[in-house]
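Worksheet for the structure shown next.
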There are 2 protein chains.
Amino acid sequence: MARGADTREKLLDTAIDLIWRSSYDGVGVNEICKRAGTTKGGFYHHFETKADLFYAASEHYWEGKQRELNDIFSPTYTPLEQMENLINMIVEKQDVDQYDDNPVAGCPFFTSGSQCSSDEEKVRLAAVKMSDNAVMYNVGLVHALKGSGVLNGDANPEVLGRMLQQFIQGVLIYGRVHRDLDVVKADLREGFCRILDLKQEYRQPVLQAAE
Amino acid sequence: MARGADTREKLLDTAIDLIWRSSYDGVGVNEICKRAGTTKGGFYHHFETKADLFYAASEHYWEGKQRELNDIFSPTYTPLEQMENLINMIVEKQDVDQYDDNPVAGCPFFTSGSQCSSDEEKVRLAAVKMSDNAVMYNVGLVHALKGSGVLNGDANPEVLGRMLQQFIQGVLIYGRVHRDLDVVKADLREGFCRILDLKQEYRQPVLQAAE
DNA sequence: ATATATACATACCGACCGGTTTGCATTCAA
DNA sequence: TTGAATGCAAACCGGTCGGTATGTATATAT
């Protein structure tokens with residue numbers, strides 16, 4: 001049972017990594033097993049189908065991500081710093097990992113969910129969950145920004161949080177197909193400021209933001 | 001030679017349609033041939049590989065789209081009306097076609113290019129071309145809007161045109177995974193106004209816009 | 001020590017993949 | 001009228017897909 005949990009987790013991590021690099025359809029069960037140091041016997045001992053693995057992997061991934069986001073959105077940061085942290089996290093996640101030849105990875109669950117065929121409903125549901133989770137954090141951020149008075153005009157946090165998520169994904173996909181990380185870095189911050197309608201005096205990057 | 005061109009075009013149209021509904025990987029050559037009323041013999045008579053078909057189909061698609069866009073951005077419309085036309089075109093394209101059970105289709109070339117494995121470079125290149133084409137029209141729109149004085153602040157047309165494209169794709173993918181067309185309709189216009197920083201008095205939909 | 005359940009490895013399955021080969025109409029050139 | 005090229009249909013190819021069946025080593029319970 002000890003090694004059982006290890007194998008399972010290794011499969012989850014490996015699946016995330018591989019699917020992130022290409023896509024759900026682009027990665028085979030065999031490849032996942034091989035890289036995880038096991039075989040199909042092990043795979044189908046822990047998961048019923050490939051889609052089940054994907055769903056479980058997305059939840060597994062989110063657990064770690066959630067802790068990361070909690071740090072980033074820690075109340076010890078001002079809302080502006082939190083925004084800065086979020087932007088930095090998205091950008092750094094891309095070029096640190098250096099996925100193969102593509103500098104931009106994007107979010108595996110979100111992009112995979114949008115492309116998979118309709119009969120793999122579980123894959124889409126995983127993407128919906130991941131997306132909704134991300135939006136939640138964005139909404140909280142907008143609330144905080146609004147409360148600290150750095151936004152112009154009227155800001156509906158629910159709408160803006162969702163729009164930030166849409167924009168982030170759009171920028172990442174754009175960067176991915178163009179194989180261009182620089183444009184991601186540049187457009188991400190500019191888009192945030194514009195969508196949120198951040199007051200001009202706060203649009204410069206907050207110096208000395210996060211860890 | 002007469003029927004030859006017909007078969008070829010039927011394959012192009014069918015490929016666009018099917019890939020649009022699912023994805024590049026999700027559609028097989030067999031299925032494309034079957035729905036186009038031909039066989040693999042016919043397919044590989046006209047195209048060398050599946051990726052070649054995709055590339056050719058994207059160009060074929062763009063020819064028709066270009067005419068549509070030229071109408072939409074006709075100088076007989078004010079820049080604001082042109083923007084209205086664009087938003088309407090994007091939205092209408094989605095629910096009119098009613099792709100299977102998914103109300104939101106998105107752009108097949110863009111989404112496919114982002115997901116396919118790295119060895120299918122031609123698919124990615126097709127996506128880049130389509131994306132750049134779209135951005136070109138957006139940049140022109142921003143120039144026109146800027147010239148007519150409906151935008152606040154400083155507007156870099158190149159950057160904003162690109163950001164509009166990123167945002168559009170992000171919204172469409174979001175709508176696709178959530179199977180929600182209404183959120184697409186709502187967020188698209190709001191996002192345009194915010195990204196462009198449209199002056200408040202012009203943010204209401206231009207009545208009686210396009211055809 | 002023995003029975004049972006767990007945690008896999010190995011071998012295998014039918015289906016389908018993109019792509020090829022072959023043959024047969026039809027069209028056109030000479 | 002004949003020969004060659006075009007436009008395809010049908011059958012086929014090796015490879016890979018997700019998934020299964022079976023065997024086995026280990027760990028645990030009794």
Side-chain angles (χ1 to χ4, degrees), chain A residues 1-16 18-19 21-58 108 112-113 115-124 126, chain B residues 1-16 18-19 21-58 108 112-113 115-124 126:
Chain A
M1 185 186 251
R3 282 224 52 78
D6 286 358
T7 300
R8 181 186 154 90
E9 191 164 340
K10 193 76 200 296
L11 281 167
L12 291 174
D13 290 334
T14 306
I16 291 172
L18 289 180
I19 292 174
R21 297 185 198 216
S22 62
S23 67
Y24 178 79
D25 287 331
V27 179
V29 173
N30 271 322
E31 190 180 352
I32 295 175
C33 295
K34 203 165 137 192
R35 293 233 201 182
T38 185
T39 60
K40 282 198 177 180
F43 183 100
Y44 285 99
H45 172 73
H46 290 287
F47 306 98
E48 288 197 0
T49 67
K50 184 187 176 187
D52 283 334
L53 164 73
F54 183 80
Y55 195 90
S58 74
S112 292
Q115 82 204 27
C116 71
S117 37
S118 56
D119 56 336
E120 295 171 299
E121 183 71 358
K122 223 173 182 181
V123 177
R124 188 185 70 85
Chain B
M1 183 184 256
R3 282 223 52 79
D6 285 0
T7 301
R8 181 184 155 88
E9 190 164 341
K10 193 76 200 295
L11 281 167
L12 292 174
D13 291 335
T14 306
I16 291 173
L18 288 181
I19 292 174
R21 296 183 198 220
S22 62
S23 68
Y24 178 79
D25 287 332
V27 178
V29 173
N30 271 322
E31 190 179 351
I32 296 175
C33 295
K34 205 166 136 192
R35 292 234 202 182
T38 182
T39 61
K40 283 199 179 179
F43 183 100
Y44 285 99
H45 173 73
H46 290 286
F47 306 98
E48 287 197 1
T49 67
K50 184 188 176 187
D52 283 334
L53 163 74
F54 183 79
Y55 195 89
S58 74
S112 291
Q115 81 202 27
C116 71
S117 37
S118 56
D119 56 335
E120 295 172 299
E121 184 70 0
K122 221 170 183 183
V123 177
R124 189 184 69 84

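Lettering follows sequence order; numbering is per chain, from 1.
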To the nearest Å, how far apart are A:His45 NE2 and D:dT26 C1'? 13 Å
Counting side-chain heavy atoms from C-beta on, which of C:dC8, D:dC8, C:dG18 comes nearest to A:Thr7? C:dC8
A:Thr38 side chain near C:dA7 phosphate (N/O to OP1/OP2, under 4.0 Å): no
Roughly how many Å is it from CZ in B:Phe47 to C1' in C:dG18, rounded to a whole number? 15 Å
In whole angstroms, how far is the P atom of D:dC17 from the NZ atom of A:Lys34? 10 Å
When rounded to whole Å, the OH to P distance for the pair A:Tyr44 and D:dG23 reads 21 Å
How long is the line joining NE2 of B:His46 and P of D:dA5, in whole Å? 19 Å
Compare the minimum distances between each of D:dA9, D:dG18, C:dA7 and the side chain of A:Lys50, then state the nucleotide with the smallest one. D:dG18
Looking at B:Tyr24, is its backbone amide N or carbonyl O close enough to the side chain of B:Lys50 to form a donor-acceptor pair, meaning the two atoms are under 3.5 Å apart? yes
Whole-Å distance separating the NZ atom of B:Lys40 from the C1' atom of C:dG18: 6 Å
Tell me the interatomic distance from A:Asp25, atom CG, to D:dC17, atom P, rounded to whole angstroms. 12 Å
How many angstroms lie between atom CD of B:Glu9 and atom OG1 of B:Thr14, to the nearest 0.5 angstrom? 10.0 Å
Contacts of A:Gly41 and A:Glu31 projected onto DNA chain D by closest heavy atom; the upstream (5') one is A:Glu31
In whole angstroms, the gap separating P of C:dG19 from CG of B:Leu11 amounts to 14 Å
Applying the side chain to side chain contact (heavy atoms under 4.5 Å, CB included) criterion to A:Thr38, which one of A:Ile32, A:Asp6, A:Thr7 satisfies it? A:Thr7
Charged N-O contact under 4.0 Å between B:Glu121 and B:Arg124: yes
